[in-house]
Amino acid sequence: MTVKKKKGIQISRGVVHGPVFYFEKGQLSIPRHRIKEAEFDAEVDRFLEAVRISKEELTQVRDLVLDHLDEDHARIIDAQMLAVQDEEMVKSVKDMVIREKKNASWAYFDVMDRYESMLLQTLSDFFQDRTVDLHDIKKRVLYHLQGDKSSDIPKITKPSIIVTEKISPGGLINIKHNMVLGLITKEGGYNSHAGILARAFRIPYLSDVIDIEELNNCSEIILDADNEEILIDIDSDDVHRYTKRIRNFQKQRIQIITDKVASATKNGEPFHIYLNAGFVDEVKPLNPELIQGIGLFRTEYLCIAENKIPDEETQFQAYKSVLQSMGNLPVIFRVFDFGRDKLLALLDMEIIQEDHVFDEWGGIGFLLENPDILKTQLRALLRASVYGNAKIMLPLVMFTEELRQTNKMLDNIRKELSRESIPFSQTIELGAMIETSSVLDELDSLSNLVDFFSIGTNDLALYLIGSGRAVDLTKNYYHPKIFHAIKKVIQVGQRVGVPVNVCGEMASDPYALIGLTAIGIRSVSVGTSALESVSKHVASMDTTQIEKLADPILKADSPASIYSILTQYQQKDIT
Ligand code: PEP
Ligand code: MG
């Protein structure tokens, strides 16, 4: 047999060998078992409770949609609310549980299946509104019925390479503990949050693979994300050739940071390298003696993992735990950044997502429009602040006014906590992420209200250059518009004494890092998988030489010329 190869784009490096687990988008995994008579009542109650919670969630979604979108979209939710509690459907499920002794998920799935085929054939009055998406409803109710938070993620019974059309950050979080050897998708993006997570979990990942269906018929494959290829129709000789690399990768995969992160360049110029994280479990194994702190803690991952916004106490415990693991090192908690590809599970509706209606709706703007969510989070953060060196950062800032409003809310919370005799740090710093085009015009006024700036190059590229996060944005790292915007932030920061950090994926790209250093960046925050290489790179840098590239970079008129300046420098540096 000759080996066949398929190509893809590397999202996360590594090489693995194993069986394929192919799943189609929208496929639901349903536990099916017969129940005893004594369990009937409890099973029916469980089902009714799942329907009740789903209805409650849909009410919240409807309010959000009405506030932010339009009647048309709200009507979709109205239709879903009616369908989710349809009396006939509820009765059919109860009957099936009792008569056929099927567990509730199974019975519900079968009943909904019947409804779906009915809808296709007859277009009954109730379902005449074609916008009713039974699949969304089914997913939601089954999710609450199963309680294992994985109703749309099939059960994986042995370590496998997952092959699917596309994967959401929520999907990836839910399957991470489920023996994922590697990941192959048709659609994806380096800067997508699923991509960022795959790198955090060190799961080799190739996207943009065409005809992924072909992989459905393969029993075992080799995923060589390092060389951007998939080997199919393999035999034992092929596996043998890869064994050494696979073993080495396994070792690297479990290895956590073992060397002290560089704090200066080769010529002795101080340089900060912080970490990006989003899970308490990701932070716990880190040795605070070896690192410099967390430059970006993406708090919304707590919501994605829980599939809801955790209450104040749960958030407080999570933030406290992160701070305690870090000793006195700084931890920058970015408040929830919902929207775009980080849609709340609450809004996990394909029918809405496919419209891209929330693409530009998120960050601090969303939170200020939903002040209860923000207030709860700020209270939890302030309460946790006494356990370490916490800082707060606002995502997707567009206007100075957003900082004013947040400061006002913080003042009120401080007063409230004092009245309740709850301790909090009096000196907690507040920072703004610079990642939209509109904020670039407000840097001066903004600088009066913040303690630091952190540049989110992933979204900045989106705003300045306009392509989506789910496409390969790597080339945008070398775009003149990006370098000019970052230079502007550095200049304002220097003039008014506000420190500037870069926390987007651009800082992990070796060439882009040279460019950032050339124009004056001395502080970055990168994912755990990039930390070691960035640290080595910084330790080998001579800023007196690199700074000479600033002029040519800022004068260059195309990404290609910037790329060539940076690669040529790197070549010379190596030789
Ligand atoms: C960014 O946009 O660059 C960033 C760091 O934030 P996120 O990737 O979470 O949107
Ligand atoms: Mg961002």
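Only this structure's heavy atoms are used, side chains among them; waters, hydrogens and symmetry mates stay out. Every number for a ligand or one of its atoms is a count from 1 in the order of the listing. Worth saying up front: this structure is predicted, and the values here are computed from it rather than measured.
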### Task
Could you tell me whether some N/O pair between Glu300 and ligand 1 is separated by less than 3.5 angstrom?
no

#### Entry: Proximity of Leu460 to ligand 1 by residue part, where a heavy atom lies under 4.0 Å
neither

### Query
Should you measure from each heavy atom of Met433, which atoms of ligand 1 turn up under 4.0 Å away?
4 (C), 5 (C), 6 (O)

### Message
Rounded to the nearest 10°, what angle sits at the Mg ion (ligand 2) between OE1 of Glu435 and OD2 of Asp459?
### Response
100°

### Query
Does ligand 1 have an atom under 4.0 Å from some heavy atom of Met506?
no

### Query
Is the closest side-chain donor-acceptor distance between Ser445 and Thr400 under 3.5 Å?
yes

### Task
Determine whether more than 12 heavy atoms belonging to other residues, nucleotides or ligands lie under 6.0 Å from atom NZ of Lys375.
no

#### Entry: Glu505 to ligand 1, any heavy atom closer than 4.0 Å
no

### Where ligand 1 meets Arg334 - atom numbers and elements under 4.0 angstrom, heavy-atom basis
6 (O), 7 (P), 9 (O), 10 (O)

### Task
Verify whether one side chain among Ser558 and Ser561 offers a donor that lies under 3.5 Å from an acceptor in the other.
yes

### Query
When you check the gap from the basic side-chain N to the acidic O, do Glu228 and Arg13 get nearer than 4.0 Å?
no

### Query
Side chains of Asp311 and Thr314: donor-acceptor distance under 3.5 Å anywhere?
yes

